S.K.: 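I have a structure here, written as structure tokens, and I will follow up with some questions on it.
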Amino acid sequence: MASSNRMLGAAGMLVACSLVYAAPAAAQATRTWVSGVGDDVNPCSRTAPCKTFAGAISKTAAGGEIDCLDPGGFGTLTITKSITVDCSGTFGSTLNSGGINGFVINDSATGTPGTVRVILRGLSINGAGTTPGLNGIRFISGASLVVENVIIQNSAGGFGVSFQPTAAARLFLTNVTITGNGNGSSGGGVLVQPTGTGSARVNIKSSRIANNGGQAVRVDTTGNTGAGNQVTISDSVLSENVFGVVVVTPAATTLAVATLINSVVSHNTSNGIVANGGTAQVRVTGTTITGNGSGGAGQGGLFVGGGGNIVTYGDNPLFGNAPDGTFTVGPIPKS
């Protein structure tokens, strides 16, 4: 009888323990998958993929990767941790019509703001709709953003890429097509505008920024007191926008330098290159500047105001603009 009581007591303890036991939370995967026929209740594995990027990111570990199994539209995404989103080899799309952003990178509310590293690769981001999208990509806070082999289009409410970091951050655009963004009075291709003490290092390579209803690339230091900003554009085409490259540095703001290397700035309806402000500088080498301006006042190939400078290394064809304008410094030797 005593033995039976002991056995019953042990069994009772096991039952009690089972009632208070909580199963551990499912571990996040380093790689997750989305599919056009997936479901966000799934674990986002290759055999049970999710339906949207938003559904997959919560199941993906920081520093991990979301991949696309097959063609599909996978929705907009707000990113607050280091992540790669890669749809190379298939068609992965984000539709951001309705006045919203396609991708937002913002780790400002995390315990370690200004640290996330994000890669977006092999995507189509489209803001087309009755109410157009705001920005294709909006960067607010993080360490870096890499965009490769991506098409960003039709966000008429803003920019293809709006890069407005609150701290030091880097942006890399490689083989990116940015078209149909902005309207005749605002928005455009790429906005580089750090806020507060933020600063930007931007590299745009082998890209096409064309047919945007505003500036192809705008570098603006309004309200910025950071450590200075550097933008390099190489082997790229900036064509058929309202403006090509615009660098604006209001008084008492920080330095902004844009360097154009082996590129084409052509057939922008207002100015090809603008440097406006005492700390605004554009350096140009191996770049063709042609067909810009329509003959209106203040239009043409080159425009300088407020003490800005457009520097030439002496190897830039400047012709066929209305009017051409003149470089303010150079030619200076390459060394």
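Small disclaimer: the values here were computed from a predicted structure and weren't measured.
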S.K.: Under a 4.5 Å cut-off applied to non-hydrogen side-chain atoms, are T80 and V116 in contact?
M.R.: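 The answer is no; the side chains never approach within 4.5 Å.
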
S.K.: If you apply the rule side-chain hydrogen bond (donor to acceptor under 3.5 Å, both in side chains), what do you find for T32 with T60, and how did you get there?
M.R.: CA-CA 6 Å; T32 57; T60 310; 2.7 Å; yes

S.K.: Check whether any side-chain heavy atom of Q164 lies under 4.5 Å from a side-chain heavy atom of P194, and answer yes or no.
M.R.: no

S.K.: Should we count CZ of R201 as having more than 12 external heavy atoms under 6.0 Å?
M.R.: yes

S.K.: How far apart are the C-alpha atoms of S239 and S266, what are their side-chain angles, what is the distance that settles it, and do they pass the side-chain hydrogen bond (donor to acceptor under 3.5 Å, both in side chains) test?
M.R.: CA-CA 5 Å; S239 182; S266 67; 3.1 Å; yes

S.K.: Distance only, no hydrogens: is a donor on one side chain within 3.5 Å (strictly under) of an acceptor on the other, for N135 and S155?
M.R.: no

S.K.: Can you pull out every salt bridge (charged side-chain N to carboxylate O under 4.0 Å, His left out) where at least one residue sits in residues 88-116? Sequence neighbours excluded, please.
M.R.: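 Checked against salt bridge (charged side-chain N to carboxylate O under 4.0 Å, His left out) - neighbours excluded - no pair reaches residues 88-116.
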
S.K.: Going by disulfide bond (SG atoms under 2.5 Å apart), name the pairs with one or both residues in residues 139-191, residues two or more places apart or in two chains.
M.R.: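 Residue pairs with at least one partner in residues 139-191: there are none.
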
S.K.: Within the 4.5 Å heavy-atom criterion, are T221 and N229 side-chain neighbours or not?
M.R.: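 When only atoms from C-beta onward are counted, N229 and T221 do touch, with a gap below 4.5 Å.
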
S.K.: S124 and N126: side-chain donor and acceptor closer than 3.5 Å?
M.R.: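 S124 vs N126: no donor-acceptor pair found between side chains.
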
S.K.: What I'd like to find out is whether the side chain of V264 reaches to under 4.5 Å of the side chain of T287, using heavy atoms alone.
M.R.: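 No, their side chains stay 4.5 Å or more apart.
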
S.K.: Can you list, pair by pair, the side-chain donor-acceptor contacts under 3.5 Å of residues 49-59, counting residues two or more places apart and other chains?
M.R.:
residue: K51; atom: NZ; partner: G36; partner atom: O; Å: 2.5
residue: T52; atom: OG1; partner: D40; partner atom: OD1; Å: 3.4
residue: T52; atom: OG1; partner: D40; partner atom: OD2; Å: 2.7
residue: T52; atom: OG1; partner: G55; partner atom: N; Å: 2.9
residue: S58; atom: OG; partner: G55; partner atom: O; Å: 3.4
residue: K59; atom: NZ; partner: D40; partner atom: O; Å: 2.7
residue: K59; atom: NZ; partner: N42; partner atom: O; Å: 2.4

S.K.: Take N203 and T232 through the test side-chain hydrogen bond (donor to acceptor under 3.5 Å, both in side chains) and record every step on the way to the result.
M.R.: CA-CA 5 Å; N203 192 307; T232 300; 5.2 Å; no

S.K.: I'd like to check the ring-ring contact (aromatic ring centres under 6.0 Å, His included) partners of F163; sequence neighbours left out, ordered by chain and number.
M.R.: F139

S.K.: Check whether any side-chain heavy atom of N96 sits under 4.5 Å from a side-chain heavy atom of L134, and report yes or no.
M.R.: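 The answer is no; the side chains never approach within 4.5 Å.
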
S.K.: Run the side-chain contact (heavy atoms from CB on, under 4.5 Å) test against T84 and tell me which residues pass, sequence neighbours left out.
M.R.: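 By the side-chain contact (heavy atoms from CB on, under 4.5 Å) rule, T84 matches E65, D86, I119, R121.
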
S.K.: Looking at side-chain heavy atoms only, is the closest gap between V274 and F243 below 4.5 Å?
M.R.: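 In contact.
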
S.K.: Do any pairs count as a disulfide bond (SG atoms under 2.5 Å apart) and have a residue in residues 188-249, sequence neighbours left out, and if so which ones?
M.R.: none

S.K.: Within the distance-only criterion (no hydrogens, no angle test), does the side chain of N292 pair as donor or acceptor with the backbone N or O of V265 below 3.5 angstrom?
M.R.: yes

S.K.: Counting only heavy atoms not in R208, do more than 12 sit closer than 6.0 Å to its CZ atom?
M.R.: yes

S.K.: Decide yes or no for K81 and Q28: does some side-chain heavy atom of the first lie under 4.5 Å from some side-chain heavy atom of the second?
M.R.: yes

S.K.: Could you see if L238 belongs to whatever hydrophobic cluster contains I204? Use Ile, Leu, Val, Met, Phe, Trp, Tyr and a side-chain cutoff under 4.5 Å.
M.R.: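 They do share one cluster, since a chain of ILVMFWY contacts under 4.5 Å joins L238 to I204.
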
S.K.: Applying side-chain contact (heavy atoms from CB on, under 4.5 Å), name anything that partners A252, two or more places apart in sequence or on another chain.
M.R.: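 With sequence neighbours excluded, A252 shows a side-chain contact (heavy atoms from CB on, under 4.5 Å) to no residue whatsoever.
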
S.K.: Is there a chain of hydrophobic side chains (I, L, V, M, F, W, Y, each step under 4.5 Å between heavy atoms) that links I105 to L173?
M.R.: yes

S.K.: Under the side-chain contact (heavy atoms from CB on, under 4.5 Å) rule, collect the residues that match up with N106, sequence neighbours excluded.
M.R.: V104, S108, I140, S141

S.K.: Which pairs pass disulfide bond (SG atoms under 2.5 Å apart) with one or both residues in residues 298-335, sequence neighbours excluded?
M.R.: none

S.K.: Among pairs that include at least one residue of residues 64-120, which meet disulfide bond (SG atoms under 2.5 Å apart), considering only residues two or more places apart or in two chains?
M.R.: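 Sorted pair list: C68-C87.
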
S.K.: Check salt bridge (Lys or Arg N to Asp or Glu O under 4.0 Å) between D39 and all other residues, then give those that pass, not counting sequence neighbours.
M.R.: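 So D39 forms no salt bridge (Lys or Arg N to Asp or Glu O under 4.0 Å) with any residue.
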
S.K.: In the structure I gave you, are the side-chain heavy atoms of I273 and V284 within less than 4.5 Å of one another anywhere?
M.R.: yes

S.K.: So, using side-chain contact (heavy atoms from CB on, under 4.5 Å) as the criterion, who are the partners of Y313 when residues are at least two apart?
M.R.: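 Result, side-chain contact (heavy atoms from CB on, under 4.5 Å) vs Y313: R283, T285, D315, I332, K334.
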
S.K.: Closer than 3.5 angstrom, by distance alone: can the side chain of T290 be matched with the main-chain N or O of T288 as a donor-acceptor pair?
M.R.: no

